Amino acid sequence: AQTLKVPDTPVEVLVDLLTKAREIAASSGNVPEELTSHLKKAVDIASGLDDYLEKMTTQESEPLAELYEKTVSHDWDQVHKDGKTMFRLPKECITGHVEGQTLKMLVRMSQAKKILEIGMFTGYGALSMAEGLPEDGCLVACELEPYLKEFAQPIFDKSPHGKKITVKTGSAMDTLKELAAAGEQFDMVFIDADKNNYINYYNFILDNNLLKLRGVICVDNSLFKAKVYLKDTTDSNGLALREFNQFVSSDPRVEQVIIPLRDGLSVICQVSVSEVTDDEVFRGVQGRPILDRMRLDGKVAYVTGAGQGIGRAFAHALGEAGAKVAVVDLDKVKAEAVSKELSLKGINAVSITADISKSDDVQKMIDSIVSKWGAIHIGCNNAGVNMNSASEDTSLEEWDQTFNVNLRGTFMCCQAAGRVMLKQGYGKIINTASMASLIVPHPQKQLSYNTSKAGVVKLTQTLGTEWIDRGVRVNCISPGIVDTPLIHSESLRPLVQRWLSDIPAGRLAQVTDLQAAVVYLASDASDYMTGHNLVIEGGQSLW
Ligand SMILES: C[S@@+](CC[C@H](N)C(=O)[O-])C[C@H]1O[C@@H](n2cnc3c(N)ncnc32)[C@H](O)[C@@H]1O
């Protein structure tokens, strides 16, 4: 026998009342034709709505369809009689197709990654929302009845999205306290459990920061079969929801809308937090927290001397932060190898062979990057050479070779990249100078190197001040003595011991010690910095 359907939404109540009115009209003799026709039209409109919504909404996935079938055909009375559930659960509890799809859309549109559901029942809403989450998203579902977890889990397991769901059985308020104590925060919360506790869940969530700033709370049954606005309501759930809606609508922390979908779906967004200075420091510049502001997504970078050592570390760091990277080196094989490393990590990279002491090579390098990626946002002029000789013996050849690469080459790169950047009105140039621009490292003798690197600092200061009003920042990084395979050689070992005694940090620099600095200088977070020499030497220049 077909079970009698209980009207469960305002529309279903309307259909029920209109149908009864039409029956009464049909059985009484003296009803005007016009009233009968209006009643018929009203019944058609009201009763056709849900069917139409159902048909026009994208079909549910197979696991959701199975979950629905299994739920509505289950004998919940018997389960309760057998003592398997504490309460008799009405199958009408289920959110179902249209509401499930709505929730899934809200998850996608708000780009939620972490969701909390209060009141899971058989998991239809949970799985719908999980389908809208990204691969690494997660949903915590609170459910009082352990029986329901066992009921839902086998179907969750059939869905590729089921692994995103964790079910916490027990009183939802206990779970909320646990989650708050663990410092958890959610992008979206769906409240759909015991109606008289809605207000407590809502306040607990907002008062204990369980919802991220600008997060969304969705609330089911907020029209409660129209009882929230009918004057003669005595039903305790209807009254609880009426009070809840009223409270939320006058809560300055949130904005609310009630969507008249099924039994009412409230969408509530947290818009402000009381007792805070709501400025860029609190919200982040353009709403981006500090680490996001150091991301380089969409930026185009090049690094010269990127085939090894510091340049390779810079290329990786910029790529990890989101930039596309042109790996430039004199040595083709090394440039290709580093470019391949970047590609393996999912970074968009190319290799370019160039001798930056040759103006043609420099211009070709810049042209090929612009023709490939259309812009250059970040230029790391890192290539350099180091030759040692006592100053009285330094040949002009050594001097010229050093200056041709370290200073003239860096200038040519700055100029060629700078012309592109000035035209764009935006650019970040980061030159590699050296601690040798500040101190005279000893006991090794390297006059031309020291002098060329001091020149790089002055080049940086001059360009950094000349170009900043056109959006181009120029800074340099001065590393201390960097640990490379070369200095582990037998002959250099005594020198290393000597250096170590000069370094407060007690160790040489690793190339990875320099990576955050290049990302910072390449990012918008350092926009007020220009012409700066960022020294990273473990304190060596201070002793
Ligand atoms: C309306 S149903 C939830 C429907 C579900 N959201 C869906 O998508 O189908 C309400 C659920 O809340 C659960 N519930 C009621 N009181 C609870 C409480 N205090 N803590 C946790 N769950 C509770 C009930 O067992 C029931 O399964």
Side-chain angles (χ1 to χ4, degrees), residues 6 8-9 60-61 63-74 76-77 79-80 83-107 115-133 139-153 155-156 159 161-162 164-179 188-202 204-205 210 217-225 236-238 240-241 244 261-266:
V6 190
D8 200 43
T9 69
E60 65 204 333
S61 66
L64 279 174
E66 186 182 342
L67 203 45
Y68 190 82
E69 267 320 300
K70 200 176 151 191
T71 304
V72 293
S73 58
H74 204 60
W76 295 102
D77 272 338
V79 169
H80 179 51
K84 291 180 181 161
T85 62
M86 291 169 241
F87 296 95
R88 204 203 77 77
L89 299 160
K91 59 176 180 292
E92 292 79 19
C93 256
I94 193 163
T95 48
H97 177 206
V98 178
E99 191 172 354
Q101 180 69 22
T102 307
L103 290 169
K104 178 176 167 182
M105 294 281 194
L106 288 171
V107 171
I115 301 174
L116 174 65
E117 184 185 39
I118 301 175
M120 177 188 78
F121 190 41
T122 55
Y124 192 95
L127 190 56
S128 302
M129 291 187 278
E131 287 183 357
L133 280 171
L139 183 148
V140 175
C142 309
E143 177 49 59
L144 187 66
E145 306 271 6
Y147 179 82
L148 293 172
K149 181 179 177 174
E150 281 166 43
F151 185 96
Q153 197 61 52
I155 301 184
F156 289 166
S159 160
H161 306 279
K164 300 173 192 168
I165 303 173
T166 308
V167 184
K168 301 253 188 198
T169 47
S171 133
M173 194 44 101
D174 288 348
T175 304
L176 292 191
K177 286 179 186 159
E178 234 177 74
L179 294 167
M188 181 167 159
V189 180
F190 180 45
I191 304 179
D192 191 14
D194 40 342
K195 312 301 160 200
N196 55 337
N197 259 325
Y198 271 23
I199 189 94
N200 300 327
Y201 296 139
Y202 171 84
F204 188 90
I205 287 160
L210 274 171
I217 299 179
C218 294
V219 175
D220 201 17
N221 305 103
S222 50
L223 289 177
F224 210 74
K225 301 147 226 334
S236 66
N237 284 337
L241 273 157
F244 174 79
L261 174 83
R262 304 283 310 154
D263 200 22
L265 179 69
S266 297

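Indexing begins at 1, ligand by ligand and atom by atom, following the structure's order. Fair warning: this is a prediction, and the values are worked out from it, not measured in the lab. Any value given below was found using the heavy atoms of this structure, including those in side chains, with hydrogens, waters and symmetry copies removed.
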Q: Does atom OH of Y68 have more than 12 heavy-atom neighbours, drawn from other residues, nucleotides or ligands, at distances under 6.0 Å?
A: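 Not more than 12 within 6.0 Å, no.
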Q: Which heavy atom of A193 sits nearest a heavy atom of Y201, and at what distance?
A: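 Heavy-atom minimum between the residues: CB-CE1, 4.2 Å.
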Q: Considering the heavy atoms of T95, write down every atom of ligand 1 situated less than 4.0 Å from one of them.
A: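 Answer for ligand 1: 7 (C), 8 (O), 9 (O).
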Q: Students should be able to answer this: which protein heavy-atom is nearest to atom 5 (C) of ligand 1, and at what distance?
A: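 Its nearest protein heavy-atom neighbour is M120 O, 3.2 Å.
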Q: Decide whether the shortest distance between a heavy atom of M173 and an atom of ligand 1 is less than 4.0 Å.
A: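 Judged by the 4.0 Å heavy-atom criterion, M173 does not count as contacting ligand 1.
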Q: Among all protein heavy atoms, pick out the one at the shortest distance from atom 8 (O) of ligand 1; state its residue, atom name and that distance to 0.1 Å.
A: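 Here the nearest protein heavy atom works out to G125 N, 2.8 Å.
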Q: What do you reckon, does L89 have a nitrogen or oxygen under 3.5 Å from a nitrogen or oxygen of ligand 1?
A: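 No, since none of the N or O atoms of L89 sits under 3.5 Å from an N or O of ligand 1.
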Q: So, regarding T122 and ligand 1 (criterion: nitrogen or oxygen to nitrogen or oxygen, under 3.5 Å), is there a contact or not?
A: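 N/O-N/O distance below 3.5 Å does not exist for this pair.
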Q: Considering only non-hydrogen protein atoms, determine which one is nearest to atom 10 (C) of ligand 1 and report residue, atom name and distance to 0.1 Å.
A: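 Nearest protein contact, heavy atoms only, for atom 10 (C) of ligand 1 is D192 O, 3.1 Å.
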Q: Could you find the nearest protein heavy atom to atom 14 (N) of ligand 1 and give me its residue, atom name and distance?
A: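 Here the closest protein heavy atom is A193 CB, 3.9 Å.
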Q: Is the backbone of E131 close enough, under 3.5 Å, to the side chain of K104 for a donor and an acceptor to pair up by distance?
A: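 Looks like no, no N/O pair under 3.5 Å.
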Q: Against heavy atoms of G170, which atoms of ligand 1 measure under 4.0 Å?
A: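 Near G170, the atoms of ligand 1 are 20 (N), 21 (C).
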Q: Nearest 0.5 Å, what's the NE2-CZ distance between H80 and R88?
A: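 Reported value, rounded in 0.5 Å steps: 8.0 Å.
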Q: Quick one: nearest non-hydrogen protein atom to atom 20 (N) of ligand 1, plus distance?
A: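 For atom 20 (N) of ligand 1, the nearest protein heavy atom is A172 N, 2.9 Å.
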Q: Would you please classify the geometry between the Y147 ring and the W76 ring as parallel, tilted or perpendicular, with 30° and 60° separating the classes?
A: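 The rings of W76 and Y147 stand perpendicular, inter-plane angle above 60°.
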Q: Show which atoms of ligand 1 fall inside a sub-4.0 Å distance from at least one heavy-atom site of I94.
A: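 The atoms of ligand 1 under 4.0 Å from a heavy atom of I94 are 9 (O).
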Q: Please could you name the atoms of ligand 1 that L148 approaches to less than 4.0 Å, counting only its heavy atoms?
A: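 So the atoms of ligand 1 that pass are 27 (O).
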Q: Spell out, as yes or no, whether a donor-acceptor pair under 3.5 Å connects the side chain of E143 to the backbone of F121.
A: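 A pair under 3.5 Å: yes.
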Q: I need the L106 CG to C218 SG distance, nearest 0.5 Å.
A: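 L106 CG to C218 SG: 5.0 Å, rounded to 0.5 Å.
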Q: If you count the atoms of ligand 1 from 1 in the order shown, which ones are under 4.0 Å from a heavy atom of L144?
A: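 Ligand 1 atoms under the 4.0 Å threshold to L144: 17 (C), 20 (N), 21 (C), 22 (N), 23 (C).
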Q: Please determine whether side chain to side chain contact (heavy atoms under 4.5 Å, CB included) holds for the pair L265 and F190, giving the CA-CA distance in whole Å, both sets of side-chain angles, and the decisive distance to 0.1 Å.
A: CA-CA 10 Å; L265 179 69; F190 180 45; 4.0 Å; yes
Q: Would you say E145 and ligand 1 have an N/O pair spaced under 3.5 Å apart?
A: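 Between E145 and ligand 1 (N or O atoms, distance only) the closest approach is not under 3.5 Å.
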Q: Is it the case that atom NZ in K168 sees more than 12 heavy atoms from other parts of the structure closer than 6.0 Å?
A: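 Atom NZ in K168 is not packed in, count stays at 12 or less.
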Q: What residue among V140, V219, I205 forms side-chain contact (heavy atoms from CB on, under 4.5 Å) with I118?
A: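 Exactly one candidate clears the test, I205.
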Q: Which residue owns the protein heavy atom closest to atom 2 (S) of ligand 1, what's the atom, and how far is it?
A: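 That would be C93 SG, 3.4 Å.
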Q: Run down the list K195, E99, E143, M129 and name the one with the heavy atom closest to atom 27 (O) of ligand 1.
A: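 When every heavy atom of K195, E99, E143, M129 is considered, E143 comes closest to atom 27 (O) of ligand 1.
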Q: How about N196 and S236: do any of their side-chain heavy atoms sit closer than 4.5 Å?
A: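 Result no, sub-4.5 Å side-chain heavy-atom pair not found.
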Q: What protein heavy atom lies closest to atom 17 (C) of ligand 1? Include the residue and the distance to one decimal.
A: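 Answer for atom 17 (C) of ligand 1: D194 OD1, 3.6 Å.
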Q: Distance under 4.0 Å to a non-hydrogen atom of Y201: what atoms of ligand 1 satisfy this?
A: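 Under 4.0 Å from Y201, ligand 1 has these atoms: 18 (C), 19 (N).
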Q: With heavy-atom distances below 4.0 Å as the criterion, list the atoms of ligand 1 near S171.
A: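 The list of qualifying atoms is 20 (N).
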Q: When you compare ligand 1 with G119, is there at least one nitrogen or oxygen pair between them that comes in under 3.5 angstrom?
A: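 Looking only at distances, the answer is yes, because the N/O contact criterion of under 3.5 Å is met.
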Q: Is E99 reaching over with its side chain to a backbone N or O of L261, donor-acceptor style, under 3.5 angstrom?
A: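 No, because the side chain of E99 does not come within donor-acceptor range (under 3.5 Å) of the backbone of L261.
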